[in-house]
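Read through the structure below, which is laid out as structure tokens, and then see the notes.
In what follows, chains are A, B, ... by sequence order, proteins preceding strands, each numbered from 1.
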Amino acid sequence: MRLPTKLYRPITTFGLSTNLQLPHDTTKRRVAEQSCLTLLQSCNTTQKLTQIQTLILKLGLRNNPLVLTKFASTSSELDAIHYASSFLFSSEADTRVYDTFLFNTVIRAYAQTSNSKENAIYFYRAMLDYGVLPNKFTFPFVLKSCAGLAHLNLGQSVHGSAVKFGFDDDLHVQNTMIHMYCCCNEGVESARKVFDETPKLDSVTWSVMIGGYARLGCPAIAIALYREMQVMGVRPDEITMVSVLSACTDSGALELGKWIESYVRREKIQQPVELCNALIDMFAKCGEIDKAIKLFRQMSVRTIVSWTSVIVGLAMHGRGEEAVSLFEEMIKTGVAPDDVAFIGLLSACSHSGLVETGRHYFNSMVEKFGIEPKIEHYGCMVDLLSRAGLVKEALDFVQQMPIEPNQIIWRSIIAACHARGELKLGESITKQLIENEPMHESNYVLLSNIYAKLLHWEKKTKIRETMDMKGMKKIPGSTMIELNNEMYEFVAGDKSHHQYKEIYEMVDEMGREMKRAGYVPTTSQVLLDIDEEDKEDSLYRHSEKLAIAFALINTPPGTPIRFVKNLRVCEDCHSATKFISKIYNREIVVRDRNRFHHLKNGSCSCGDFW
DNA sequence: CTAGGGTTAG
């Protein structure tokens, strides 16, 4: 990690002597000191700080600990903090008055900034260099900075330091420690270790760990941990609820989400906007978009996040027109859209084929709202054109973009090539991608799908071999489904479930019924080049078919079935699910990687393009 | 002077 050396170096260029006489009169001094402090409190720009600095020097108050501390904690603007800290630690300052409190103040100031957290670490090290002892308040600030930097080694060293100074048994330090580890890649295990060694009497400890698992993409563990928390009798607060809700959102655990909504009301847990937003997001992403809209309408205070959550939800459900009119309503209400709101809006246009509307809003970003489009916005536009079948326009658009296109953008175009039969073009783009990033497995999957469609089985097999040779694996498809307040996860060919025999019998029965109704398996997407019957067999073992069979066995007739798939739903499963919705008279709500499919009576809300 | 909160294209 690179630390800013310039701050630590003595700065002697202030040009003012510190040898001015102090006012002898104590009252006068008090007044001067007081006015200095008052001034400092109101000052937040570099310019103002310079003026006050002059005043401090003239009054000879430079080494007054109170002034120093105030000086460090006053600034909210980054430049001002830098300036203040260089002033404090310049060679003219009297280091004898440096104390823990002063360092804590500087460290806190940096820990709270969004992009200057290295400096917090830097001053923590300076503190130790000066021989100033940290206290139990120091570590939460420092650990928070480590968390923001997501720097595991650094975090471990601070952890060691906290142990050395004997503050690792402080609850606040432990909680921040867990949080820090949760924010670092590869840090979960360390987080869990600290968590397991903690008495965990506190809802914060649980919230941190639950939120950590939710953020790391392990919603099932997060939910299990919440249940454990309930068993231990720790009362969750509104922040715990936000963390658990985000786990519900990710895994599609609608029942638990609903339960939390009623629990919050029953237990009279505070309902800040953030919690309402989390509820809206949960309902929208668990397929209950109308419920999300209803909640949104009932809110008395809304933030841009509330609006955006609903817009994104509508986008995922393919209800583009409503998303657009909600966006317009938002502007009329006086809420200025931000870049995220535009991503939601543009993706809504994309999923509903609103090409002209999308173009109009994309242009309005700069023209009307002064928001510079980012790669995500360009990505939405490429997707918009690609999905509408305008592959050539999409390519032109990429060529004219002022930003370097990324893999996501190319994959949008490849998907369109795949869907529109532009297989040669798709093949050449994909080959290019593989050349640039030979270790990215999804590119090989794309190419392999194109070869399957072209019926080039030998080429397809070759790709498979290349992947094996490079030690790459296709991400396994998995399906999460909630039943009787439990989450179940299925992967293709899964036999770990205790009901697996019944499930496979049900899968066979489903296959027979579907064939009778006219279903033809789409075997072209099977990765392996095996004979047709085996291909069918491996299709029937796709995780979503197992999940559907599981739900059919365990729920009364007519109950809607909802599940979440981690990848894009494959062509065959999509068509099979449509048949099942009709044959078994079930409403099936599927959330795949990109969007929702509401299947009912043999047809799907996505209009068969996703 | 101390801790925890996901709205983000495919």
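- In this structure A:Glu197 satisfies the salt bridge (Lys or Arg N to Asp or Glu O under 4.0 Å) test together with A:Lys193, sequence neighbours excluded.
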Residues 395-406 of chain A side chain polar contacts: donor-acceptor under 3.5 Å, at least two apart:
unit_1	atom_1	unit_2	atom_2	d
A:Asn406	OD1	A:Ile408	N	3.3
A:Asn406	OD1	A:Ile409	N	3.0

Legend entry - Nucleic acid footprint by protein, nucleotides 4-10 of chain B - heavy-atom cut-off 4.0 Å, B for base, S for sugar-phosphate alone: BBBBBBB
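- For residues 338-348 of chain A, the side-chain hydrogen bond (donor to acceptor under 3.5 Å, both in side chains) pairs, not counting sequence neighbours, are A:Asp339-A:Lys374.
- Residue pairs meeting the ring-ring contact (aromatic ring centres under 6.0 Å, His included) criterion with at least one member in residues 210-230 of chain A, sequence neighbours excluded, do not occur.
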Give every donor-acceptor pair under 3.5 Å between a side-chain atom in residues 288-302 of chain A and any protein atom, sequence neighbours left out.
unit_1	atom_1	unit_2	atom_2	d
A:Glu288	OE2	A:Arg562	NH2	3.0
A:Asp290	OD1	A:Arg319	NH1	3.4
A:Asp290	OD1	A:Arg319	NH2	3.0
A:Arg297	NH1	A:Glu329	OE2	2.8
A:Arg297	NH2	A:Glu329	OE1	3.0
A:Arg302	NE	A:Phe296	O	3.0
A:Arg302	NH2	A:Phe296	O	3.3
A:Arg302	NH2	A:Arg297	O	3.3

